[in-house]
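To start, the structure itself, in structure tokens.
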Amino acid sequence: MNRYAADPATEAFVAHRNLLFTVAYEMLGSAADAEDVLQETWLRWADVDLAAVRDRRAYLVRITTRQALNRLRTLARRKEAYVGPWLPEPVLTAPDVAEDVELAESVSMALMLVLETLTPTERAVFVLREVFEVGYDEIAAAVEKSPAAVRQIAHRARRHVDARRPRAVVSPGETRAALESFLRALETGDLQGLLDVLAPDVVLTSDGGGVRQAALRPITGADKVARMLAGGLRRFAGRLTGEPTLVNGNPALLVRLDGAVDGVIAAHVREGRITGLYYVRNPEKLTRVASETRLTRAADA
């Protein structure tokens with residue numbers, strides 16, 4: 001017997017850690033806050049009598065959900081004082097996330113922003129039920145509601161999200177092709193090329209957090225978006241570069257200024273044209289784009 005083996009509580013937590021992080025991240029849209037939630041989850045889990053725990057995964061998800069709900073209230077106050085639009089914190093992900101279509105959609109910038117419009121309890125119920133397929137009884141224990149109330153909340157949240165989510169799931173290849181055309185037009189200063197790849201009603205949302213320059217409101221319309229991007233290129237001529245990457249399970253662009261990471265551009269594509277651009281420049285939100293973050297809907301073996 002290995003006397004250095006981890007105790008059962010540690011083994012269970014480590015086995016479910018990536019799953020718990022994914023739950024917290026989807027509820028919060030912030031990797032930094034998700035990590036804090038995991039620390040709080042571990043502190044509470046370490047004090048649990050394992051002999052009284054029937055389902056360790058369910059119990060850990062319950063603790064994580066409750067801590068994330070507490071953190072959501074803190075986040076709400078921070079967002080009220082945030083300078084300009086708030087976008088989720090992008091995380092570099094492995095190709096296996098993109099292969100899980102439902103997971104990739106659930107952590108996409110487009111859907112994460114839709115989840116921002118839910119109440120904290122609605123968001124928790126939606127994430128646990130629709131993404132992780134947690135049973136109503138388990139969700140009820142996590143959010144401290146009755147199973148009947150949880151069913152009503154789930155129905156309301158699903159209807160709300162369905163009314164606002166992208167109409168169709170786009171293949172990674174289609175998104176990648178649109179971003180390649182977008183990047184090519186940017187690098188060559190081809191204004192018409194930009195207009196060709198942008199949908200007429202495209203919306204550009206940029207997040208500088210008051211630290212980096214960014215538009216204080218979303219910019220709507222292909223002409224306005226193209227001209228703003230073209231103006232930025234002229235200002236930083238020869239200093240900006242873009243490279244394909246995989247962020248939040250979806251193709252994206254990593255933008256560098258003078259070789260240093262300047263931001264991440266994610267996109268939503270419909271019928272081959274970009275309808276949504278999400279440019280995260282706030283340096284506090286760019287700490288997870290250098291190395292992969294494991295997002296998963298299953299426990300580690």
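Checking each of Trp45, Trp42, Phe21 against Phe13 for a ring pair (Phe, Tyr, Trp, His ring centres under 6.0 Å) leaves exactly one that passes, namely Trp42. Looking at Val143, Thr119, Val125, Leu118 one by one, the single match for side chain to side chain contact (heavy atoms under 4.5 Å, CB included) with Ile153 turns out to be Val125.
Across all their heavy atoms, Met112 and Pro88 have their closest contact at CB-CG, 3.6 Å. Shown here for His160 and Thr117, the closest heavy-atom pair between the two residues is NE2-OG1, 2.7 Å. For the residue pair Gly193 and Ala185, the shortest heavy atom distance occurs at C-CB, 3.7 Å. Nearest approach of Leu194 to Ala226, heavy atoms of both residues: CD1-O, 3.9 Å. Closest non-hydrogen pair, Pro90 versus Val289, comes out as O-CG1, 4.0 Å. Of all the heavy atoms in Glu89 and Ala31, the pair that sits closest is OE1-N, 2.8 Å.
Taking a 6.0 Å sphere around CD of Glu102, one finds it holds 12 or fewer heavy atoms contributed by other residues, nucleotides or ligands. Within 6.0 Å of CD in Glu116 there are more than 12 heavy atoms belonging to other residues, nucleotides or ligands. For Glu271, the CD atom counts as loosely surrounded, since its 6.0 Å shell holds 12 or fewer non-hydrogen atoms of other residues, nucleotides or ligands. Counting non-hydrogen atoms of neighbouring residues, nucleotides and ligands closer than 6.0 angstrom, the CD atom of Glu284 reaches no more than 12 such neighbours. Atom NZ of Lys79 has more than 12 neighbouring heavy atoms from other residues, nucleotides or ligands inside a 6.0 Å radius.
Following chains of ILVMFWY side-chain contacts shorter than 4.5 Å, one cannot reach Val280 starting from Leu246, and the two form parts of different hydrophobic clusters. One hydrophobic cluster holds both Leu28 and Val131 under the rule that ILVMFWY side chains link at heavy-atom gaps under 4.5 Å. Cluster membership check: Leu111 does not share its hydrophobic cluster with Trp86, using side-chain heavy-atom separations under 4.5 Å among Ile, Leu, Val, Met, Phe, Trp and Tyr. Tracing side-chain contacts under 4.5 Å through hydrophobic residues (I, L, V, M, F, W, Y), one reaches Leu19 starting from Val107; they form part of the same cluster. Hydrophobic clustering (ILVMFWY, side-chain heavy atoms < 4.5 Å, transitive): Tyr82 and Leu75 are in distinct clusters.
Looking only at side-chain heavy atoms (C-beta outward), Val91 and Asn248 come within less than 4.5 Å of each other. With contacts defined as side-chain heavy-atom distances shorter than 4.5 Å, the pair Leu183/Leu179 does not qualify. No side-chain heavy atom of Phe182 sits less than 4.5 Å from a side-chain heavy atom of Val269.
A distance-only check finds a donor-acceptor pair linking the side chain of Ser181 to the backbone of Ala177 [under 3.5 Å]. Between the Asp137 side chain and the Gly135 main chain, no donor and acceptor come within less than 3.5 Å of each other. At distances below 3.5 Å, not a single donor-acceptor pair connects side-chain atoms of Asn18 with backbone N or O atoms of Thr296.
Contact check on Asp47 versus Arg44 returns no salt bridge, with no Lys/Arg side-chain nitrogen under 4.0 Å from an Asp/Glu carboxylate oxygen. Using a cutoff of 4.0 Å between basic side-chain nitrogens and carboxylate oxygens, Arg270 and Asp201 are scored as salt-bridged.
Considering CG of Leu277 and CE of Met109, their distance stands at 12.0 Å, rounded to 0.5 Å. Separating the OG1 atom in Thr93 from the CZ atom in Arg288 is a distance of 12.0 Å, to the nearest 0.5 Å. Note: Arg123 CZ to Leu72 CG = 6.5 Å, rounded to the nearest 0.5 Å. Within the model, atoms OG1 of Thr10 and CZ of Arg17 stand 13.0 Å from one another, a figure rounded to the nearest 0.5 Å. Annotation: the span from Asn282 atom CG to Ser206 atom OG amounts to 11.5 Å, rounded to 0.5 Å.
Judged by the 6.0 Å and 45° rule, Arg62 forms a cation-pi pair with Tyr59.
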